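No experiment lies behind these values; they were computed from the predicted model shown.
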Amino acid sequence: MSLVTANETIEIGAIIDLNSRIGKEQKTAINIAVENYNHDRTNKKQLITVHFRHTSKDTIQDFFTAEELVEQNHVKMIVIGMQTWEETALIADIGKRHQVPIISFVTASYTPELVQLKWPFLVQMTTSSLDQISCTSSIVSSYQWRKVIVIYEDDMYSDSSMLAVLTETLKGHGVEVEHQLILPQFSSLSDPREVVRREVVKLLQKQSRVFIVLRSSVSTANHLFKEAKEIGLMGRDSAWILADSLADLLDSVDTAFISSIQGALGIKNHYPEATKSFRHFKGQFQKIFRSEYPMEDHSEPGIHALKAYDSITAFAKAVNSLGTKSSNDSVLMKNRILSSNFTGLSGNISFVNGVLSHPPTFRIVNVDGNRYNGLGFWSSMFGFSKVLVAENGEIIGVNGSHIMKFSMVKWPGELKRVPKGWAMPTDSKPLIIGVPGRTSFEKFVKVETVAETNEMKYTGFCIDLFKEVLKILEKNYTLPYEFEPYNGSYPDLVQQVSNGKYDAIVGDITILAERTKYVEFTQPFAESGLTMVVPVKFDRSNKAWMFLKPFTGNMWIATGAVLVYTMLVVWFMEHQSNPEFRGRWKDQLGTAMWFTFSSLFFAHRENIKSNYTKTVVVVWLFLVFVLTSSYTASLTSMLTVPRLEPSVKDIGWIKRTNATVGCDGDSFVKDYLKQVLELQNIKNISNQDDYPKELESGNIKAAFLEIPYQKVFLREHCNQYVVAGPNYRFGGLAFAFQKGSPLAHDVSEAILILTQDGTLNRLEEHWFALSKNCDNVDPTGETESLTLGSFWGLYLVSGATSTLCLLFYVYHLFRKSRQLTGAFRDNIVHPSTDQSFWTKTAGIIRYNKNDKPTVTLRRVTSARAAGLGVDERADSRKWHLVSPSDAAQIFDGSSQHPQLAIEMGNSRSD
């Protein structure tokens, strides 16, 4: 090819669907972009000419059309408006072979890196479809819908990978795709209305009422929505989400189409509409579009027109930057296009690995009236936001959130609340509820036939609880229902909900991990677990040491400690002034111990002299009174009430002896005993009245009951059976609904309300009241020992009182001793005052120990000292206090000096 000159034109091709609304917008936008470039004086005087070709819907024909544009028209770039990736890939192969850049508006089925390796000349004016899928999943998750139906228009070139990616993304949000409705391509149908109607009617058999239209043409969608509206799928509690393939065309569809999707949510590609460049383009577009397509009702440009305009702009900028000499270099042209970095009408235009690098921003809209209302925006960068602001050239959301919190949504059927997204029951199609017809414990559920009317009567705790739940639900919506008895096993009943025969189960259904895979459980209304119930036997052993049982070990230790402490305090304060507490050390301690111990039985005889001692004894006697009363009552209870012991201690004995046990064969318990507890001899018991007969006869050694049944059983047989062994816990008893049903959430909330306001407790008291023979009876027969925690206050008061009285008494002695010492110093002598604290203390103790309170005080003369063996060379100032017997040898009987019983001063007695 020859190099272009300044006056030459650059040829480009465009293969688009000229009959579709998207193709019409693309052609108009491309012409405007080319015209703007050709009239721009800043370009290099190179003109662009466009060769439009109509896509024939035949991939082979489109392939040859592209070949013709390259080989005959010598185009330097081809813009293709195909809507499928397979068609785009074929044209991309031509671009690779002829090294001609191909600009596409379809997202590839492969990763951008792999696309660049396989089709290096393909330029994708789009972003990854993962962003739109993430936005759709976030909307579903925000409204807590748990099942959806995906609708997709297919053809032989469609990209089904979006379905797989959407399914996995929704699964990550805890949402299940209940059904995929694949519609054939509209142009391939001879009677599209009948085909669409036949497929849409199938949706009535599904429970989900959340519909995601992932991909569809306007023609197919028009039939889809009309048929869905006629059969009631656009009514209350339904939700419709339109992906960008439809939502981006809401500005161009007619009013009939809009009226058929009232209340639907749409995900539109957002683009700035307030810029000067957009307003200028919009004016040009509307003028040309109206003149060329007068039959179109709307002339607003959409995202497809903006991207087509930006693709020509990117090519024109590349031409200008390369100049006239390099415009023929297709590799440079492709690289220059991919290095574009400018703000176009559709947003920021820059590429990484051949695709637009800037993540898209979607506008969430709600169809209302003749148009739609904008609710807010979503982007992978900030989540949901009501307002967008520009910051450092970037568009960001204000107060972004991962949860859609947009208010004022108009839902289908003018519903004021969020749709349940579920096939809600009606009077003509009520909720079919399965009820266990064969139960072991009829207080939970009982099904019987009324003889007069031959109608089924449903009673029991679970039935009354469900009726209370309905009273709460009726504040928001009605819930027509019908009960149907099921006479099979509980596992089979759960399976009937999973396969769709029943919408729910009202009964005593245990929550198990395996069952949660198939049904949706409500909040449990009763705890659940497996226990072993066995007959009791009276324990008459260990009577010899029964007298120690009323008190715990700590209680006995504390009582003994307080007794000894009280004994020592009484002795210390009484033995100096009370003759009954005198004598030898052994006698004094024995008297004190006898006094304290006998006070336990209020049999003490000794008189108390000191007021301090009397205070201690009063508090001690009060403690003794409380302890003896409590001890007597506890011991009496232990001796008179028979102790009930289980006849079988644990499950280990069952295994070792291979004993027979009983359980409800219709529940999961039998399988649990075999598979988990590894028991072999298991007998099915179908009625609660059969358990006592089988246990008493010895046919079974133990009965395995779930906790709610065990409580009912023991309340009726309070003193005959006990629980032995561990408790094997489960999830609780609850109602069950079909997987993903929003009713399970509503019923759970109602159960919580009934729990908090006390209704659940009242129902339990009504249905599971104690037997008259079991009132005030402890089924275990075990009287607990008294603990220190119940009496530590009394011990504290007694100990504190004894300590305070002892301190006051010692203080009194100390003062008396000082007064007496002062009298000697002031009136008789002035001995040395260098006495230590310990010397004074020893004097007080000796004072308190002496049997007589006084001795004779005299000055020891030399002669008398010699007679007494006193060293006369000792300090003459020393005085000696001697006992009365020694004093008689020194003084005569006429002495008038006072007598004392202690020896003071710095000297010691012999």
- Under the salt bridge (charged side-chain N to carboxylate O under 4.0 Å, His left out) test, residues paired with K147 that sit two or more places apart: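 Salt bridge (charged side-chain N to carboxylate O under 4.0 Å, His left out) list for K147, sorted by chain: empty.
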
- Message: If the threshold is 4.0 Å, N to carboxylate O, is there a salt bridge linking K202 and E199?
- Response: yes

- Message: Under 4.0 Å between a side-chain nitrogen and a carboxylate oxygen: does that hold for K471 and E474?
- Response: no

[X] atom [atom1], neighbour heavy-atom count above 12 within 6.0 Å:
| X | atom1 | answer |
| --- | --- | --- |
| K443 | NZ | yes |
| L204 | CG | yes |
| K467 | NZ | no |

- Residues that P692 engages under side-chain contact (heavy atoms from CB on, under 4.5 Å), provided they are two or more places apart: E696, F713, H717, Y721

- Note, Y143 side chain near P419 side chain (heavy atom, < 4.5 Å): no

- Do Y490 and D508 have side-chain N/O donor and acceptor atoms under 3.5 Å apart?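 Yes, side-chain donor-acceptor contact under 3.5 Å.
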
- Message: Can a side-chain donor-acceptor contact be found between T220 and E153 if the only test is distance below 3.5 angstrom?
- Response: yes

- Task: Report the C-alpha distance between Y728 and L677 in whole Å, list the side-chain angles of each, state the deciding distance to 0.1 Å, and finish with yes or no for side-chain contact (heavy atoms from CB on, under 4.5 Å).
- Result: CA-CA 10 Å; Y728 306 95; L677 300 184; 3.7 Å; yes

- Okay, side chain of K711, backbone of E706: is any donor-acceptor separation there less than 3.5 Å?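 No.
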
- Message: Using the rule given for salt bridge (charged side-chain N to carboxylate O under 4.0 Å, His left out), can you reason through R197 versus E230, listing the C-alpha separation, both sets of side-chain angles and the distance that settles it, and then say yes or no?
- Response: CA-CA 10 Å; R197 179 178 180 81; E230 286 183 7; 3.3 Å; yes

- Query: Does Y481 have its ring centroid less than 6.0 Å away from the ring centroid of F466?
  - Reply: yes

- Message: Using the salt bridge (Lys or Arg N to Asp or Glu O under 4.0 Å) definition, which of the options D666, D492, D664 pairs with R438?
- Response: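 Looking at D666, D492, D664, the match for R438 under the salt bridge (Lys or Arg N to Asp or Glu O under 4.0 Å) is D666.
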
